[in-house]
Amino acid sequence: MSATGLLYRLLAPAGARGQLVVLIFHRVLPEPDALRPGEPDLAEFSRQMRFWARHFQVLPLLEAAQRLAEGRLPAAAACITFDDGYADNLDVATPVLQALGLPATLFVASGFLDGGVMWNDLLIEALRQAPGTALDLTALGLGVLHLNAPGGRAAAAAELLQRIKRQPLAQRAALAEAVLAASGGVRPTLMLSTAQLRRMAGLDWEIGAHTVRHPILDVLPDAQARQEIRDSKQYLEQLLGQPVRSFAYPNGRPGQDYAARHVAMVREAGFSVAVSTRLAVARSGDDVLQLPRFTPWDRQPLAYAARVARALL
């Protein structure tokens with residue numbers, strides 16, 4: 001065993017003092033993309049997965065959550081999760097995971113299967129395709145985005161995403177469509193088809209629910225939030241012919257994107273496990289319907305390894 005692996009086992013021992021690292025990903029890109037700087041490409045993802053395969057025991061999420069609750073985690077336990085339902089999870093990520101024998105969970109926003117496009121992807125692709133050095137969105141109440149300012153189109157995309165993300169669901173979708181139209185851009189095809197999702201389920205991916213249309217639950221009326229949670233589960237179960245027992249809160253920050261009443265809705269819907277985006281590792285006593293997730297963002301291997309160690313302290 002390497003010194004690094006021994007350190008992680010000392011920091012996260014087996015049993016009741018165990019800790020669970022739940023990683024969160026969205027996309028794995030074939031090549032680097034300046035407009036998606038937070039997403040790993042194939043080479044980076046492969047390096048990261050080799051790290052986790054070497055130093056941690058990677059478990060299926062449902063099994064890991066049960067073992068955490070019962071104080072039976074192995075030393076240096078981890079899970080790998082993906083949100084939303086992008087096709088590159090199958091095309092790019094799956095071969096890497098299979099080669100290393102790593103299980104993973106995919107949380108699907110069911111309303112975007114078969115050609116749907118998430119609002120944030122519409123905005124990013126609009127700014128990618130917009131001609132010239134500025135995109136005039138004053139008619140939409142969004143001003144003029146300067147595409148050649150410091151940070152370029154990536155900075156403009158980040159600004160626009162932040163301004164729109166907490167809009168009501170229908171208004172957010174309509175604004176994203178209008179921005180794409182103003183840019184003259186073409187709709188991207190990024191999400192899984194139902195056939196691809198069934199294939200992933202057959203490859204032993206755990207499939208979880210992520211609502212239907214990926215709303216921020218706390219801005220919805222309770223009846224609509226409950227429907228988003230319940231309908232995503234029911235649709236995926238009918239589609240796959242198997243139980244869907246895990247859930248991921250959209251955006252996922254407790255107290256900001258969802259509240260205690262939404263946790264109750266998830267429990268009432270029949271989910272056994274749910275994950276947030278609270279930046280931490282899971283420890284004994286944590287609510288299995290609000291497990292935190294932690295993904296190191298460092299690209300330099302030593303800094304990456306050190307950040308994992310600090311998270312376990």
Practice problem: Would you check if the side chain of Asp88 reaches a backbone N or O of Val28 as a donor-acceptor pair within less than 3.5 Å? | Solution: yes
Practice problem: Return the orientation label for the Phe51 and Tyr304 ring planes: parallel under 30°, perpendicular over 60°, tilted otherwise. | Solution: perpendicular
Practice problem: Report the distance from atom CD1 of Ile207 to atom CZ of Phe82, rounding to the nearest 0.5 Å. | Solution: 11.5 Å
Quiz item: Between Leu239 and Leu113, is a side chain to side chain contact (heavy atoms under 4.5 Å, CB included) present by the stated rule, with each step listed?
Solution: CA-CA 11 Å; Leu239 180 68; Leu113 293 168; 4.1 Å; yes
Quiz item: With distance as the sole test, does Arg153 use its side chain to make a donor-acceptor pair with the main-chain N or O of Ala130 at under 3.5 Å?
Solution: yes
Quiz item: Got a second to check how far Thr4's OG1 is from Arg54's CZ, nearest 0.5 Å?
Solution: 7.0 Å
Quiz prompt | Arg172 side chain to Arg166 backbone, donor-acceptor under 3.5 Å | solution = no
Quiz item: Looking at NE2 of His210 and OG1 of Thr81, how far apart are the two atoms once the value is rounded to the nearest 0.5 Å?
Solution: 9.5 Å
Quiz item: Please walk me through it: do Arg187 and Glu177 pass side chain to side chain contact (heavy atoms under 4.5 Å, CB included)?
Solution: CA-CA 9 Å; Arg187 292 173 66 84; Glu177 294 282 1; 2.7 Å; yes
Quiz item: Side chains of Arg293 and Ser276: do they bring a donor and an acceptor to under 3.5 Å?
Solution: no
Quiz item: Does a side-chain N-to-carboxylate-O contact under 4.0 Å join Glu125 and Arg36?
Solution: yes
Quiz item: Judged by atom type as modelled, is there a donor-acceptor pair below 3.5 Å linking the side chain of Asp231 to the main-chain atoms of Glu228?
Solution: no
Quiz item: Would Phe45 and Val21 show up in the same hydrophobic cluster when neighbours are defined by side-chain heavy atoms closer than 4.5 Å?
Solution: yes
Quiz item: For Arg299, does the CZ atom have more than 12 heavy-atom neighbours from other residues, nucleotides or ligands under 6.0 Å away?
Solution: yes
Quiz item: So, the side chain of Thr94 versus the backbone of Asp91: is there a donor-acceptor pair under 3.5 Å, distance only?
Solution: no
Quiz item: If you draw the axis of the six-membered ring of Phe247, does the NZ or CZ of Lys233 fall within 45° of it and under 6.0 Å from the ring centre?
Solution: no
Exercise. Start with the C-alpha distance between Leu197 and Leu90, add both sets of side-chain angles, then the distance that settles side chain to side chain contact (heavy atoms under 4.5 Å, CB included), and finish with yes or no.
Key: CA-CA 8 Å; Leu197 182 60; Leu90 173 62; over 6 Å; no
Quiz item: Does the His214 side chain pair with the main chain of Pro250, one donor and one acceptor, at a distance under 3.5 Å?
Solution: no
Quiz item: CG/Leu291 to OG1/Thr277 distance, rounded to the nearest 0.5 angstrom?
Solution: 12.5 Å
Quiz item: Above 12 or not: heavy atoms from other molecules or residues under 6.0 Å from CZ of Arg307?
Solution: yes
Quiz item: So if you build clusters from Ile, Leu, Val, Met, Phe, Trp, Tyr with side-chain heavy-atom gaps below 4.5 Å, do Leu123 and Leu169 land together?
Solution: no
Quiz item: Linking I/L/V/M/F/W/Y whenever their side-chain heavy atoms sit closer than 4.5 Å, directly or via other members, would Leu97 and Val108 fall into one cluster?
Solution: yes
Quiz prompt | Heavy-atom side-chain contact between Asp286 and Arg278 under 4.5 Å | solution = yes
Self-check item: Val186 backbone acceptor or donor facing Gln129 side chain under 3.5 Å
Solution: yes
Quiz item: Trp52 vs Phe56 aromatic rings, parallel, tilted or perpendicular, using cut-offs 30° and 60°?
Solution: tilted
Quiz item: Is a donor on one side and an acceptor on the other found under 3.5 Å between the side chain of Thr295 and the backbone of Leu23?
Solution: no
Quiz item: Under 4.5 Å between side-chain heavy atoms, hopping through other hydrophobics if needed: is there a path connecting Phe112 to Leu220?
Solution: no
Quiz item: How are the rings of His55 and Tyr8 set to each other: parallel, tilted or perpendicular (split at 30° and 60°)?
Solution: perpendicular
Quiz item: Can you check side chain to side chain donor-acceptor pair (under 3.5 Å) on Gln290 and Tyr258, steps first, answer last?
Solution: CA-CA 10 Å; Gln290 295 188 83; Tyr258 74 93; 2.9 Å; yes
Quiz prompt | Atom CD of Gln300 with >12 non-hydrogen neighbours under 6.0 angstrom | solution = yes
Quiz item: So does Arg245 have more than 12 non-hydrogen atoms from other groups sitting under 6.0 Å from CZ?
Solution: no
Quiz prompt | Test item: Glu237 side-chain N/O and Pro243 main-chain N/O as donor-acceptor pair under 3.5 Å | solution = no
Exercise. Find out if a path of hydrophobic residues (ILVMFWY) with successive side-chain heavy-atom gaps under 4.5 Å connects Leu203 to Phe25.
Key: yes
Quiz item: Asp121 and Tyr86: side-chain donor and acceptor closer than 3.5 Å?
Solution: yes
Quiz item: Roughly how far, to the nearest 0.5 Å, is CZ of Phe107 from CG of Asn89?
Solution: 12.0 Å
Quiz item: Can Arg261 and Asp218 be counted as an ion pair, charged N to O under 4.0 angstrom?
Solution: yes
Self-check item: Side chains of Arg47 and Arg50 in contact at under 4.5 Å (non-hydrogen atoms)
Solution: yes
Quiz item: Do other residues, nucleotides or ligands put more than 12 heavy atoms under 6.0 Å from Gln171 CD?
Solution: yes
Quiz prompt | Side-chain donor/acceptor of Gln224 to backbone N/O of Pro221, under 3.5 Å | solution = no
Quiz item: Leu7 and Leu312: side chain to side chain contact (heavy atoms under 4.5 Å, CB included), yes or no, with the steps?
Solution: CA-CA 10 Å; Leu7 173 63; Leu312 294 170; over 6 Å; no
Quiz item: Any salt bridge between Glu70 and Arg67, counting N to O under 4.0 Å?
Solution: no
Self-check item: Gap between atom CZ of Arg198 and atom CE of Met200 - 0.5 Å precision
Solution: 14.5 Å
Quiz item: Regarding Glu44 and Gln48, is there a side-chain donor-to-acceptor distance under 3.5 Å anywhere?
Solution: yes
Quiz item: Is it true that Asp84 and Arg27 have a side-chain N and a carboxylate O under 4.0 angstrom from each other?
Solution: no
